[in-house]
Visitor: 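First, the structure itself, so that you have it in front of you.
Worth knowing before you read on, the calculation uses all heavy atoms, side chains too, and leaves out hydrogens, waters and symmetry mates.
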Amino acid sequence: MSLSRGRGDCPSASTPQRLLTGLREALDRLRRSKALQQRTIFLALVFVLVFGFTLNAVRSTGAWSVLIDGQVIATVDNRPQFEEQLQTLLGQLEQDLGREVALAGELAYVRAPSGTATVAAAEAAQELKDRLPLGTTGCYILVNGEPAVACNTREEAEQAVALLMDEYKCRLTAKSGVDILRCGFQEQIEYEEGAVDFARLHDCETAAEILERGTDKVVEHQVKKGESLWAIARGTGMSESDLRKANPQVKGDLIRIGDVLNLVVPDPYLNLTSVETYTYKQAIAYATKVQSDAERWPWERVITQAGKSGQKEVTVEISRVNGEEVSRKLISETLLSSPVTQIVLQGTKTIPNRGTGTLVWPVVGRITSPFGWRGREHHNGIDIGAPRGTPVLAADTGTVIASSYAGTYGNCIRIDHGGGSFVTLYAHLSKRLVAVGDVVTKGQTIGEVGSTGRSTGNHLHFETRINGKAVNPIQFYPSG
């Protein structure tokens, strides 16, 4: 008869022992399996690391081209050293500037072909300092949507624009009587905060100058001995008008040795427009009334009532662009004082006909330039060559109607020989020995040969005039 266990039966005493032994064996096998796996994984990691370091060392050494935004800026002999030097350089700049500094472009490395000339990595970063596009945080001033210049903060950027406006207003109001009605910019101005190109970052004053000049480039020329505006313009490839535009402080043609001229023609980022009223006082010219006096000689002119200018107050409205006037409109005029007419007595007394009708030679010498056309210029007399100081004689008896310095004629004497119809003229004299109103006789010494006025060499310029028209003097000297 077989035996069976009921629900309440207990197992034999040997069963728990067998279960415990089996469990221990299983755990030992599991430990041995995990230890093998760990050793395998460890060895594999060591291999990968050693291989990786070796591969990296092999790849890092040799020639590497350094690119920023796709452009090669250098080829170095050791990439890790260059990277380390670059980070050190950026750290130094941050410390010096007290602000974050980073490369403004995308940095990349490309393996260079064997044999490529390289720069020592330990020195390359410092050598490239001025060529690296450095960026930082700041605020761009946008002109019509395009970045013109940057400042540290938006506040500084706004101050730069305000400074430009204030300086413009100061220039306008430097002249008394100016009242600015409107002032603004032709362009749209915006501000953009964020990353900016370090090279375009400036303080307020410099930013304002760049906005007015149109570039941060300044090229100067120091004036040397013998230079003129024309010569400087030609030597620098500029037109003279552009050179003057770049140097509004130059008035006329006056430049001195040592003066510094700007060779950059302004092309402003911002163009300032303004409308102003300008009130000023303007002189009103007086009229001159000439009254004839038959008791006085023609060379006598007497002022019996001095003229006096009047004055009026004028207000105009002026529109300007960058300070240059583009239009002007009259607003009002107020009379402050009326002008006083000048009254002059002009002698009309007829000069006696003292001429004999025949002339003597005014100076002994050779004719160096005859009467008539000399190229495009008409020569109204004859030139007689003679040493300086040679006596000059009155060609005929007459009355001296002029004795003065007369522009291109230099020292000049005019003698009337026949009631105003016939006059002789003697020019370029070194001395005048007669005065207006003197009556001279034919052959009398009236002056000395010289070279005053527009003259080349000592000579006498001698003219004969009939009713004011110059005629050839030779016709009054019969040949033979």
Visitor: Check whether any side-chain N or O of R234 sits under 3.5 Å from a backbone N or O of E240 as a donor-acceptor pair, and report yes or no.
Guide: no

Visitor: Taking 4.0 angstrom as the limit, do R296 and D293 come out as a salt bridge?
Guide: yes

Visitor: Going by the angle between their ring planes, with limits at 30° and 60°, are F371 and H378 parallel, tilted or perpendicular?
Guide: perpendicular

Visitor: Quick check: does any side chain N or O of S451 sit under 3.5 Å from a backbone N or O of G457, one acting as donor and the other as acceptor?
Guide: yes

Visitor: Are the side chain of D242 and the backbone N or O of S239 linked by a donor-acceptor pair below 3.5 Å?
Guide: no

Visitor: Quick one: pull up CG in L132 and CD1 in I68 and give me the separation to the nearest 0.5 Å.
Guide: 5.0 Å

Visitor: Does atom CD (Q291) have a neighbourhood of more than 12 heavy atoms from anything else shown, all under 6.0 Å?
Guide: yes

Visitor: With no hydrogens and no angle check, do the side chains of T315 and T279 hold a donor and an acceptor under 3.5 Å apart?
Guide: yes

Visitor: Are more than 12 heavy atoms from other residues, nucleotides or ligands located less than 6.0 Å from atom CD of E155?
Guide: no

Visitor: Considering only residues two or more places apart or on different chains, which pairs with a residue in residues 175-194 satisfy side chain to side chain donor-acceptor pair (under 3.5 Å)?
Guide: E187-N271

Visitor: Show your reasoning for whether side-chain hydrogen bond (donor to acceptor under 3.5 Å, both in side chains) applies to E463 and Y409.
Guide: CA-CA 11 Å; E463 293 184 13; Y409 280 124; 2.6 Å; yes

Visitor: Please round to the nearest 0.5 Å and tell me the distance separating atom CZ of R111 and atom CZ of R79.
Guide: 9.5 Å

Visitor: If you draw a 6.0 Å radius around CZ in R171, do more than 12 non-hydrogen atoms from other residues or ligands fall strictly inside?
Guide: yes

Visitor: For the backbone of E100 and the side chain of T136, can you confirm whether one donor and one acceptor N or O come within less than 3.5 Å of each other?
Guide: yes

Visitor: Give a yes-or-no answer on whether the side chains of R388 and S430 include a donor-acceptor pair shorter than 3.5 Å.
Guide: no

Visitor: With a cut-off of 6.0 Å (strictly less than), are more than 12 heavy atoms of other residues, nucleotides or ligands near CD of Q249?
Guide: yes

Visitor: Looking at CG of N152 and NE2 of H202, how far apart are the two atoms once the value is rounded to the nearest 0.5 Å?
Guide: 11.0 Å

